[in-house]
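Scroll down for the structure; my scribbles are underneath it.
Numbers here are sequence positions counted from 1.
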Amino acid sequence: MFSKSKINEPGPKGSDTDTQKGADAAKAGGSDFKPSTPKAKPAPSMLSSDLLITGNLKTSGDIQVEGQVEGDIRAHLLTVGEGATVKGEVVADDVVVNGRIVGRVRGLKVRLTSTARVEGDIIHKTIAIESGAHFEGSVQRQDDPLATGSKKMPTAAAATDPKA
């Protein structure tokens with residue numbers, strides 16, 4: 001059950017065994033300890049079907065919405081459940097819509113399943129729309145759909161500015 005450790009073994013007198021013991025203790029208590037790293041993917045945050053959130057949500061993780069959100073959502077992966085409704089802008093690397101979104105959708109990958117209802121523009125890098133999905137709005141492909149502004153916007157504003 002127990003084994004004899006080298007710390008208890010007699011060493012040559014006048015050696016650096018005491019120094020080595022201190023280094024071993026420091027190593028055992030300090031540098032060998034590694035805090036948990038975010039390598040293990042955490043479970044997505046789930047908003048249940050009886051939940052109504054008024055306000056914006058922002059995370060670097062994943063969100064699964066089953067209830068209602070009145071506000072903007074920014075996430076890595078956003079899944080909108082069949083009975084869920086989101087009223088606001090959605091920005092995510094991956095967006096999977098099974099329910100309803102009223103507002104703009106921006107995503108690298110956007111997927112509308114057969115039960116999806118989207119009322120708003122979709123800005124994407126890649127998109128998949130299943131048969132039966134309901135969509136009202138425009139679709140625009142961009143290499144970087146997550147960028148909030150466009151370089152064309154300031155020049156258009158300057159062109160309409162009578163002071164310019």
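- For residues 132-143, the salt bridge (Lys or Arg N to Asp or Glu O under 4.0 Å) pairs, not counting sequence neighbours, are Arg141-Asp143.
- Between Leu78 and Val65 there is a side-chain heavy-atom pair separated by less than 4.5 Å.
- Rounded to the nearest 0.5 angstrom, Glu82 CD and Ser114 OG are separated by 7.5 Å.
- Side chain of Arg106 to backbone of Ala147: a donor-acceptor contact under 3.5 angstrom is found.
- Shown here are the salt bridge (charged side-chain N to carboxylate O under 4.0 Å, His left out) partners of Asp144, two or more places apart in sequence or in another chain: there are none.
- Counting heavy atoms from C-beta on, the side chains of Pro145 and Leu108 come closer than 4.5 Å.
- Here the CD atom belonging to Gln68 is positioned 10.0 Å from the OG atom belonging to Ser49, to the nearest 0.5 angstrom.
- Scored by the side chain to side chain contact (heavy atoms under 4.5 Å, CB included) test, Ile129 finds Leu112, Ile127, Ala133 as partners (sequence neighbours excluded).
- Between Val90 and Val95, the closest side-chain pair of non-hydrogen atoms falls below 4.5 Å.
- Legend: salt bridge (Lys or Arg N to Asp or Glu O under 4.0 Å) pairs involving residues 43-70, not counting sequence neighbours, sorted by first then second residue: Lys41-Asp62.
- For the pair Asp121 (side chain) and Gly137 (backbone), a donor-acceptor distance under 3.5 Å is absent.
- Evaluated for a side chain to side chain contact (heavy atoms under 4.5 Å, CB included) with Leu47, the options Leu57, Leu52, Ile73, Val80 yield exactly one hit, Leu57.
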Exercise. Ile123 and Val105: side chain to side chain contact (heavy atoms under 4.5 Å, CB included), yes or no, with the steps?
Worked result: CA-CA 6 Å; Ile123 301 168; Val105 177; over 6 Å; no
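- Pairs engaging residues 85-103 under the side-chain hydrogen bond (donor to acceptor under 3.5 Å, both in side chains) rule: His76-Asp93, Asn98-Thr113, Arg100-Glu119 [sequence neighbours left out].
- One hydrophobic cluster holds both Phe135 and Val86 under the rule that ILVMFWY side chains link at heavy-atom gaps under 4.5 Å.
- Contact check for His124 versus Val139: side-chain heavy atoms found under the 4.5 Å cut-off.
- In this structure Thr59 satisfies the side chain to side chain contact (heavy atoms under 4.5 Å, CB included) test together with Ile63, Ala75, sequence neighbours excluded.
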